[in-house]
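See below for the structure under consideration.
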Amino acid sequence: MELQAQEGRLIAAAGLGRVLVATAVPVERDAVARACPGDLGIEVIAAGVGPALAAASTASALTAAALRGEPYGLVVSAGIGGGFQPEAPVGSLVVADGIVAADLGAETEDGFVPVNELGFGTVRHQPPVDLVRRVAGAAGARTGAVLTVSTVTGTAARAAALRERHPTALAEAMEGFGVAEAATAQGVPVLEIRAISNPVGPRDRAAWRIPEALTALTEGFGKLTPVLESWNRHDS
Ligand SMILES: O=C(O)c1cccc(C(=O)CC[C@H]2O[C@@H](n3cnc4c(=O)[nH]cnc43)[C@H](O)[C@@H]2O)c1
């Protein structure tokens with residue numbers, strides 16, 4: 001254990017930064033951790049389901065690490081997610097080129113108005129462009145916007161409305177924007193990586209493929225961790 005901690009400190013001292021991967025639930029954490037043996041500066045936590053708990057847990061982990069003198073240089077929100085069809089089929093991987101809060105705003109007679117257009121806050125975080133390209137290339141993933149929602153989409157009408165507002169969206173999940181808000185508040189860059197477990201659209205629990213998505217998550221992280229380990233934020 002002490003040797004592993006020393007390795008992590010060496011990585012931080014070399015300026016590469018430690019990496020915090022925030023999943024929602026323990027099965028996702030374990031799927032990612034299987035691909036990151038021996039702690040080379042990548043730590044994986046189960047931060048909870050939904051944007052609020054994910055933000056709170058990520059903020060706590062970042063603050064605790066900074067107080068220990070071992071700050072993280074990158075945060076990754078990772079897990080399963082719904083895929084917009086046909087671009088993001090079940091079992092595929094998506095790396096976010098934008099992390100977007102899709103239901104943070106106000107409903108009006110003229111439709112949905114995002115919170116930034118109401119005059120406060122933001123609804124989008126931008127992951128480092130070069131890192132997104134390199135991680136997606138290594139993992140064989142598609143890149144596109146990943147939407148954060150507090151309610152899982154369950155109808156074709158809502159799926160279509162989301163795609164109309166966000167034409168580049170490939171996936172939706174429930175934590176990315178919360179993780180990104182916590183990371184950005186501490187000046188840490190952020191990525192989001194989703195393995196597709198179900199189509200976004202009409203609710204059909206029989207269509208979920210969670211084991212396949214968890215396998216895709218493990219295989220994807222197995223290919224992309226060398227990129228995370230070697231990435232220096234000044235590269236982007
Ligand atoms: O009850 C349902 O119909 C239903 C359908 C899909 C997902 C759920 C969940 O409660 C999963 C929440 C959990 O997994 C991520 N996730 C996976 N698929 C989706 C999705 O299509 N839309 C939003 N989130 C999804 C999410 O990040 C949570 O961690 C229930």
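Order of listing sets the numbers, starting from 1, for every ligand and every atom in it. It should be emphasised that the depicted structure is a prediction, and the values quoted were computed from it without experimental measurement.
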Evaluate the side-chain proximity of V100 to F177: yes if any heavy-atom separation is below 4.5 Å, no if none is. no
Between the side chains of S197 and E212, does any donor sit under 3.5 Å from an acceptor? no
Note: D30-R34 ion pair, threshold 4.0 Å (strictly below): no
Can you produce the list of protein nitrogen or oxygen atoms under 3.5 Å from a nitrogen or oxygen of ligand 1, alongside each distance?
residue: ligand 1; atom: 1 (O); partner: R203; partner atom: NE; Å: 3.0
residue: ligand 1; atom: 1 (O); partner: R203; partner atom: NH2; Å: 2.6
residue: ligand 1; atom: 3 (O); partner: R203; partner atom: NE; Å: 2.3
residue: ligand 1; atom: 3 (O); partner: R203; partner atom: NH2; Å: 3.4
residue: ligand 1; atom: 18 (N); partner: G82; partner atom: N; Å: 3.3
residue: ligand 1; atom: 18 (N); partner: N198; partner atom: OD1; Å: 2.8
residue: ligand 1; atom: 21 (O); partner: N198; partner atom: ND2; Å: 2.8
residue: ligand 1; atom: 22 (N); partner: E172; partner atom: OE2; Å: 2.6
residue: ligand 1; atom: 27 (O); partner: M174; partner atom: N; Å: 3.0
residue: ligand 1; atom: 27 (O); partner: E175; partner atom: OE1; Å: 2.6
residue: ligand 1; atom: 27 (O); partner: E175; partner atom: OE2; Å: 3.4
residue: ligand 1; atom: 29 (O); partner: E175; partner atom: OE1; Å: 3.3
residue: ligand 1; atom: 29 (O); partner: E175; partner atom: OE2; Å: 2.7

Side-chain heavy atoms under 4.5 angstrom apart, residues restricted to Ile, Leu, Val, Met, Phe, Trp, Tyr: same cluster for V27 and V90? no
Verify same cluster id: V227, L74 (apolar side-chain graph, 4.5 Å): yes
Hydrogens and angles aside, do R158 and T153 bring a side-chain donor and acceptor to less than 3.5 Å of each other? yes
